[in-house]
Student: 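Below is the structure I would like to discuss, written out as structure tokens.
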Amino acid sequence: MKILGIDSSGLTASVAVMSDGILTGEYTIHNKKTHSQTLLPMISDMLLMAEIKPEELDCIAVSAGPGSFTGLRIGASTAKGLAWTLGIPVVPVSSLMGLAANVTQRGAVVCPIMDARRNQVYFGIYRITEGLPEVLLEPGAAAIEEAVACASRIREEIIYIGDGVPVFEDRIRQLSQSGLRFMEPVNCYQRGASVAAVGSLLFGKNQYVEAGDFAPVYLRKSQAEREREEAENIS
């Protein structure tokens, strides 16, 4: 089976292709260009170098959220467009579970955190297993203080990962009531390979949708929606 993984939920744009469980190619860009500029050229170049034709793909795994509203929409439209054209399904993968899958230490407890602005984070808590990461706490959006409190209740060492780490590392150290460590920068951000790996397991469990039925999961309203509501309340 050949699966394309796409993650554009955060600062990093990353795509990967796996063939029968083997990572065949991965392309990651972490710069200031918008994902709309980079995503399709990255996929095209990677498949070309991996000598895989688009029509050979069996499904497309894509980070379904939470994360950047713009990034998620770009990833969703890219995945849906390709899947629709190729007549293959889309496998939605939680952005946080994809991040957790960057950790390979069996039994480890991982708290992925993504910067949601306004002192808030998107976060979840997972235990790494031989298969899918086990969900210990479902994804949510909360203040960093609440996220760390939830993680501390596990009473085990917590591995923090994600683009929220460089933003909140000092605050996490102050608040944590359990052992902790931070994922090294090279593995701290979104990876298309992790999305593809999780996606392949979900595909095996028939957890996929038709291209037209896929929609991102935002968890909270966009900044534009919040500002509009605040303006309406003031008026």
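The basis for the numbers below is simple: all heavy atoms, side chains too, and nothing from hydrogens, waters or symmetry mates.
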Student: Check the pair Val93, Ser63 against side-chain contact (heavy atoms from CB on, under 4.5 Å), reporting the backbone distance first and the verdict last.
Tutor: CA-CA 5 Å; Val93 175; Ser63 54; 5.7 Å; no

Student: Spell out, as yes or no, whether a donor-acceptor pair under 3.5 Å connects the side chain of Gln177 to the backbone of Ser152.
Tutor: no

Student: Is a side-chain N or O of Asp7 found less than 3.5 angstrom from the main chain of Gln190, in a donor-acceptor match?
Tutor: no

Student: Spell out, as yes or no, whether a donor-acceptor pair under 3.5 Å connects the side chain of Asp163 to the backbone of Asp115.
Tutor: yes

Student: Connecting only ILVMFWY residues whose side-chain heavy atoms lie within less than 4.5 Å of each other, what is the rest of Ile158's hydrophobic cluster?
Tutor: Val109, Ile113, Val121, Phe123, Ile125, Leu136, Leu137, Ile144, Val148, Ile154, Tyr160, Val165, Val167, Phe168, Ile172, Leu175, Leu180, Phe182

Student: List the atom of Val91, the atom of Cys59, and the distance in Å for their closest heavy-atom pair.
Tutor: CG2-SG, 4.0 Å

Student: Under 3.5 Å, side chain of Ser200 to main-chain N/O of Ala197, donor-acceptor pair present?
Tutor: yes

Student: Assign the ring pair His30 / Tyr189 to parallel, tilted or perpendicular, where the plane angle (0 to 90°) is split at 30° and 60°.
Tutor: perpendicular

Student: I want to check something: taking the side chain as every heavy atom from C-beta on, are Pro139 and Ser94 in contact at a cut-off of under 4.5 Å?
Tutor: yes

Student: Is there a donor-acceptor pair under 3.5 Å between the side chain of Ser95 and the backbone N or O of Gly65?
Tutor: yes

Student: Check whether any side-chain heavy atom of Arg106 sits under 4.5 Å from a side-chain heavy atom of Thr129, and report yes or no.
Tutor: no

Student: Please check: side-chain N/O of Glu56 versus main-chain N/O of Lys53, any donor-acceptor pairing under 3.5 Å?
Tutor: yes

Student: In the structure I gave you, are the side-chain heavy atoms of Val195 and Ile6 within less than 4.5 Å of one another anywhere?
Tutor: no

Student: Answer yes or no: is there an ion pair linking Glu157 with Arg181, defined by an N-O contact shorter than 4.0 Å?
Tutor: yes

Student: Should Arg171 and Glu145 count as side-chain neighbours, where that means a heavy-atom distance under 4.5 Å?
Tutor: yes

Student: Please tabulate, one pair per line, all N/O donor-acceptor pairs under 3.5 Å involving side-chain atoms of residues 10-22, not counting sequence neighbours.
Tutor:
{"unit_1": "Ser14", "atom_1": "OG", "unit_2": "Thr28", "atom_2": "OG1", "d": "2.7"}
{"unit_1": "Ser14", "atom_1": "OG", "unit_2": "Gly192", "atom_2": "N", "d": "2.7"}
{"unit_1": "Ser19", "atom_1": "OG", "unit_2": "Thr24", "atom_2": "OG1", "d": "3.1"}
{"unit_1": "Asp20", "atom_1": "OD1", "unit_2": "Met1", "atom_2": "N", "d": "2.2"}

Student: Please test Tyr208 against Leu202 for side-chain contact (heavy atoms from CB on, under 4.5 Å), starting from the C-alpha separation and ending with a verdict.
Tutor: CA-CA 7 Å; Tyr208 52 82; Leu202 293 173; over 6 Å; no

Student: So which heavy atom on Ala83 is nearest to which on Val90, and how close?
Tutor: CB-CG2, 3.6 Å

